[in-house]
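For clarity, every value in this text was computed on a predicted model and none was experimentally measured. In each ligand, atom 1 is the first atom listed, and ligand 1 is the first ligand listed.
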Amino acid sequence: MSKSNDFNDENSNTSANPTFDSVLQARLSRRGLMRGGVGTVGVSLLGGMGLAACGGGDDDVVAAGSGAKADAKLLGFTAVSKSLADTVVIPAGYTASVIYALGDPLKTGVAAYRNDGTDTDYENRAGDHHDGMEWFGLGTDNKPSATSTTRGLLAVNHEATTDETRSSFFLHADGGTTTLPRPAAEVDKETAIHGISVVEVKATNGKWATVPDSAFNFRLTSLSENIQIHGPARGNALMVTKYSNDGTKTRGTLNNCGTGKTPWGTFLTGEENWAGYFFRSATDDTTRGGATANSVVSLKRYGRNAGSASRHGWETGGVDDKYARWNISQGVGAAIEDYRNELNTFGYIVEIDAYDKTKAARKRTTLGRFAHESAAFGKPVVGQPLAVYMGDDSRGEYIYKFVSAKTWVAADANPTDRITTGDAYLDDGKLYVAKFGSDGKGTWIELSIANPLIANYATYDFADQADVLVNARLAADAVGATKMDRPEWCSTNIANGEVYFTLTNNSNRAINSATMPPDSANPRVYTDIKNSSSAQNGNPNGHVLRLKEDAPGNAAVSFTWDVYVFGAESSAAPGTVNLSNLTGDQDFSSPDGLVFSPATGIMWIQTDDGAFTDVTNCMMLAALPGTVGDGAKKTLTYAATAGTLTVDTYVGKAPGEDNLKRFLVGPKGSEITGLCETPDGKAIFVNIQHPGESTAQADIATPAKYQSQWPSNAGYGAGQRPRSATIVITKNDGGVIGS
Ligand code: FEO
Ligand code: CA
Ligand code: CA
Ligand code: CA
């Protein structure tokens, strides 16, 4: 999300955690008045006629699953230019097609989507704001297949919905209500377009489409019944609600952002900005015992101060429990009589069996509660524990790693019961948080109730290990974790096991800040001038960090790190901002989605940006990164109030034009997010989220004023309202994507 009224930027980390020595000399990075034009040479536009193959690509680049060798023939495409057009731009020789948009039916008998605000039955349609996505191959025997390249399931996150004031206005004929109470019919649509979907996709004669009547298709929404709480917090007093008096289950999954795929073949979805959906009364601090009461400290740390309005006002939809559950104010009775603890049942990595909708989804509390993005496994090694890397996306939040108690068994790659296999690996283990050193080294600190810093933490009184996991942010504060510039996705380089994290941007990073000065792992502080007037401060363009564990086998407790690439405009000052020497074919801002292709080893970087959007819509780039330590130490000097501050950071080798190229630019107002592929690397699926998100609700009756009309303007579906959608990209010569 990039709009200022979105809910993913809450800044609740007021801890005084140590950051490194630092500081300043903020040189203004001004965009040149004369910018290059938005060229389209060598570019094809989605939505038009088919394009002739341009040749030049070979099919035999890398065998599927070969371990991600960076072949010289990869990135053979011509980089696309920055674009402000309301279309998807991809390189010549490629074709992109929309296959799955908001509202598309998932069941026989569901009406075709009218896209005029009169549609209903969203529990049986694609949800909104497509985000992370994973591929699950299907064989002709209807069983999981690691080799199928023409049939599979897409498991898709539906993160949120486009709103201005409360209403998800594209879903309602007249834009819906912006005042309270919200009508039940509007709330029911809005709760149903959140969650996840699983949809079968199939290629027939090379043309991909969904299978709308597939028995595999299903939805989970923000109100789906019987989502199981698993791990140490299952049955804990913190989980007791009117819906689950024994604290073992909850309803729904919410604000699903990044994803992961387990080595045993299940889908992981991260719950990100869930807190903003809940209402908390102005008197709730008092009811709970005042500002220092444990539950009040927890609620504040997770972004719900007393008096917080909810994003959509769903709690006002009526007296039914499905509306009441969005009000987390404490009542006069016991915890089983209200939803005072409801917030504790969100904020997890949720495991779902994409192949079997009858299996209850599990919220894995062992992996901690925060604003989850993706969940990336380290390379599984037989006889060694598994590692799962994760980020917490808010300003100044942390990077985490889970290490399983159970060691990897090769046979578990094809288990008979996938979700029970997940219980074995993900319900028992250790959660660590990252602390980055100014020497290019880092440590993983275990979040354990046995750690005196946690057990004796003055700010919050942890009851047990379940409490540590449910309040992982507070435990991480207690042990002095490093505040990061909004960790988004992470992904593992299959070739060497190094782990990459996008740090999307951070407007709170400031030279004279007591709590968030620049530090080695988050070293840049500068001003970016947007539209020749508005200034964006802090780290407006973000960077991609990477780390290499100091010991093999996933259980290492120390690592070495550097910055693979800094987001920047190519015209920005090379010594202070454009530290990676990006050119016009590579420059980007606010990296978010990050996915290594198992088939080719290409690292795909996707952006969700509000800083560079006067010049270009959000984009996707292809990268062939090197290794940690291939660059050099660099010292940044800043003039701070307290004197000159210097920050030592570690900058990877500048990517160079052969190793980092812009592959795609999205339509107006969209974010590019989520990517998966067929095992041969010849088809990739990518999500276009919230085209037209800056449309004013007041313009709902005037489509010509919409910021975007994509993908209707590309010939997909009825109506003129913009829709989030999955596209599939193939190479016209049948080759591997990126070659
Ligand atoms: Fe849903 Fe942090 O992006
Ligand atoms: Ca978004
Ligand atoms: Ca984002
Ligand atoms: Ca994201």
K.L.:
Is it the case that the side chains of Ser597 and Glu677 hold a donor-acceptor pair, with the cut-off being a distance below 3.5 Å and no angle test?
P.N.:
yes
K.L.:
In Asp393, the N, O or S atom nearest to atom 2 (Fe) of ligand 1 is which?
P.N.:
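Asp393's closest N, O or S atom to atom 2 (Fe) of ligand 1 is named OD2.
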K.L.:
Would you say that Val88 contacts Pro667 through its side chain, given a criterion of any heavy-atom pair below 4.5 Å between the two side chains?
P.N.:
yes
K.L.:
Are any N, O or S atoms from Glu373 nearer to atom 2 (Fe) of ligand 1 than 2.8 Å?
P.N.:
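Yes, Glu373 qualifies, because one of its backbone or side-chain N, O or S atoms lies under 2.8 Å.
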K.L.:
Would you say Val499 and Phe377 make side-chain contact, with heavy atoms under 4.5 Å?
P.N.:
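Side chain of Val499 against side chain of Phe377, heavy atoms only: no contact under 4.5 Å found.
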K.L.:
State whether a side-chain donor-acceptor pair under 3.5 Å links Glu190 with His172.
P.N.:
yes
K.L.:
Within 3.0 Å of the Ca ion (ligand 4), is there any N, O or S atom belonging to Asp592?
P.N.:
yes
K.L.:
The Ca ion (ligand 3) is nearest to which N, O or S atom of Glu488?
P.N.:
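Closest to the Ca ion (ligand 3) among those atoms: OE2.
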K.L.:
Check whether any N, O or S atom of Asp393, backbone or side chain, sits closer than 3.0 Å to the Ca ion (ligand 3).
P.N.:
no
K.L.:
Using a distance-only test with no angle check, is there a side-chain donor-acceptor pair under 3.5 angstrom linking Arg546 and Tyr500?
P.N.:
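There is such a pair between these side chains.
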K.L.:
Do you see a donor-acceptor pair shorter than 3.5 Å between the side chains of Thr613 and Lys530?
P.N.:
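The criterion, which ignores hydrogens and geometry beyond distance, is satisfied for Lys530 and Thr613.
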K.L.:
Is it true that some N/O/S atom of Asp608, main chain or side chain, lies under 3.0 Å from the Ca ion (ligand 3)?
P.N.:
yes
K.L.:
Angle at atom 2 (Fe) of ligand 1, OE2 of Glu272 to OE1 of Glu488, rounded to 10 degrees, please.
P.N.:
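Angle OE2(Glu272)-atom 2 (Fe) of ligand 1-OE1(Glu488): 160°, rounded to 10°.
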K.L.:
N/O/S atom of Glu373 under 3.0 Å from the Ca ion (ligand 4), yes or no?
P.N.:
yes
